[in-house]
**Student:** 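One structure is given below, represented as structure tokens, and several questions about it will come after.
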Protein chains: 2
Amino acid sequence: MMTVLEAIKERTSYRGGYKNTPVPREDLVKIMDAGLLAPSGCNTQTTSLIAVDDTEVLNKLREVIEPEFIISAPSLICVLTQAIPAYKDKCFNVQDYSAAIENMLIAIVGLGYQSCWVEGQITDEHEIGKKMAKILGVPDDYELICFLPVGIADQPIKHAGRKPFEERAWFNGFRV
Amino acid sequence: MMTVLEAIKERTSYRGGYKNTPVPREDLVKIMDAGLLAPSGCNTQTTSLIAVDDTEVLNKLREVIEPEFIISAPSLICVLTQAIPAYKDKCFNVQDYSAAIENMLIAIVGLGYQSCWVEGQITDEHEIGKKMAKILGVPDDYELICFLPVGIADQPIKHAGRKPFEERAWFNGFRV
């Protein structure tokens with residue numbers, strides 16, 4: 001198992017294909033557990049998860065996911081959020097689900113799998129997230145805002161380029 | 001060094017006091033590096049960080065942080081965000097900084113320190129975040145939305161209670 005810093009360093013947004021080796025339920029539970037262990041504003045626990053590993057359900061989901069986002073992964077985890085006020089009537093559910101997603105992404109890498117945070121493409125005007133939610137029987141007070149494919153990569157892993165540390169981080173004052 | 005799953009499990013929102021043992025720069029760099037390695041919408045890299053470990057600067061910040069949030073930690077990391085459109089004119093900077101914060105929180109725990117995500121209390125009508133930004137010379141196009149104290153806890157670590165797994169996570173469909 002990778003150390004926490006190794007997993008953070010190895011995580012990348014993998015957009016290639018996947019082997020069809022199934023992900024054991026035990027690992028999917030570990031990954032979801034990692035997500036649920038993320039903090040939430042005033043402990044409102046606004047994030048819920050649905051893992052999909054049933055071929056029939058996966059195929060139904062693939063029908064509504066646009067061609068360019070067809071995923072060959074043997075499983076995926078859908079992220080649901082509820083806009084529950086946490087502090088002074090302010091909702092922190094975006095922060096909550098983002099922390100949960102990041103926990104899952106690094107847990108996925110730590111367990112030897114790959115994934116990608118798919119959000120913008122399913123919450124835009126095509127409302128793919130809503131179509132996925134309907135297939136999964138998600139009630140109206142939850143919003144399906146993201147899914148994470150989970151599987152073993154069958155293509156090389158690439159890491160995104162980044163600005164140098166000193167352009168984004170400083171000590172004791174803003175330095176740009 | 002903890003494994004990724006251990007660090008995720010051990011992380012908690014620590015609100016107790018800190019020992020005055022300084023956090024080595026080397027560790028602060030590792031923590032900030034973990035934050036900057038988080039994904040961002042279309043790789044816009046909207047999150048920047050300022051670590052504060054200088055006593056004089058810390059004292060100035062403590063003057064504007066409300067009494068109940070006075071922190072005795074020997075260092076803290078301030079999180080800055082820029083609202084840069086990423087996908088179809090939509091900004092994902094809240095997601096970006098939340099993922100960066102979560103990476104840092106679990107890196108902090110993995111390195112033997114404690115912390116707490118302080119956001120709601122510095123972005124409300126008292127505008128503590130803006131006062132902190134002024135002290136640190138942060139330009140107007142960046143918003144200081146969170147700080148993380150970093151230090152060694154001098155009080156017992158408590159973990160927040162959570163709903164059982166089966167109330168927040170399911171397989172192949174919504175099950176509540």
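In what follows, chains carry the letters A, B, and so on, assigned in the order in which the sequence lines appear, proteins first and then strands, with residues in each chain numbered from 1. Keep in mind that what you see is a predicted model, and the values were worked out from it rather than measured.
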**Student:** Please examine the side chains of B:R168 and A:L49, heavy atoms only from C-beta on, and report whether any two atoms are closer than 4.5 Å.
**Tutor:**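 In short, these two side chains do not touch, never coming nearer than 4.5 Å.
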**Student:** Looking at A:E102, is its backbone amide N or carbonyl O close enough to the side chain of B:N103 to form a donor-acceptor pair, meaning the two atoms are under 3.5 Å apart?
**Tutor:** no
**Student:** Do the side chains of A:K30 and B:L5 get nearer than 4.5 Å, heavy atoms only?
**Tutor:** yes
**Student:** Is there a side-chain contact between A:I50 and B:W170 (heavy atoms, below 4.5 Å)?
**Tutor:** yes
**Student:** Are B:Q121 and A:Y87 packed together at the side-chain level, in the sense that at least one heavy-atom pair is separated by less than 4.5 angstrom?
**Tutor:** yes
**Student:** If you count heavy-atom pairs under 4.5 Å with chain B, which of A:D124, A:V57, A:V138 comes out on top?
**Tutor:**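 Going by pairs under 4.5 Å, I would pick A:D124.
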**Student:** Could you tell me whether the side chain of A:I101 reaches within less than 4.5 Å of the side chain of B:Q95, counting heavy atoms only?
**Tutor:**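 B:Q95 vs A:I101: side chains apart.
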**Student:** Under 4.5 Å, counting heavy-atom pairs only, tell me which of A:G110, A:A169, A:A51 racks up the most with chain B.
**Tutor:** A:A51
**Student:** Based on non-hydrogen pairs under 4.5 Å, which of B:C42, B:G161, B:S40, B:C78 is most in contact with chain A?
**Tutor:** B:G161
**Student:** Among A:N43, A:T3, A:L58, A:I135, single out the residue with the greatest number of heavy-atom pairs under 4.5 Å to chain B.
**Tutor:** A:T3
**Student:** Measuring heavy-atom distances to chain B, does A:F92 have an atom under 4.5 Å in its side chain, in its backbone, in both, or in neither?
**Tutor:**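 For A:F92, side-chain heavy atoms alone lie under 4.5 Å from chain B.
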**Student:** Ignoring hydrogens and angles, tell me if any N or O in the side chain of A:N172 forms a donor-acceptor pair with the backbone of B:D53 under 3.5 Å.
**Tutor:**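 Answer holds: yes.
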**Student:** Output, in order, the C-alpha distance, side-chain angles, deciding distance and verdict of side chain to side chain contact (heavy atoms under 4.5 Å, CB included) for B:I8 and A:I106.
**Tutor:** CA-CA 10 Å; B:I8 285 171; A:I106 59 172; 4.2 Å; yes
**Student:** Check whether B:Q45 reaches the backbone of A:K163 with its side chain - one donor and one acceptor, N or O, closer than 3.5 Å.
**Tutor:**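 Present.
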**Student:** Just checking B:K60: does its NZ atom have more than 12 heavy atoms from other residues, nucleotides or ligands closer to it than 6.0 angstrom?
**Tutor:**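 Not more than 12 within 6.0 Å, no.
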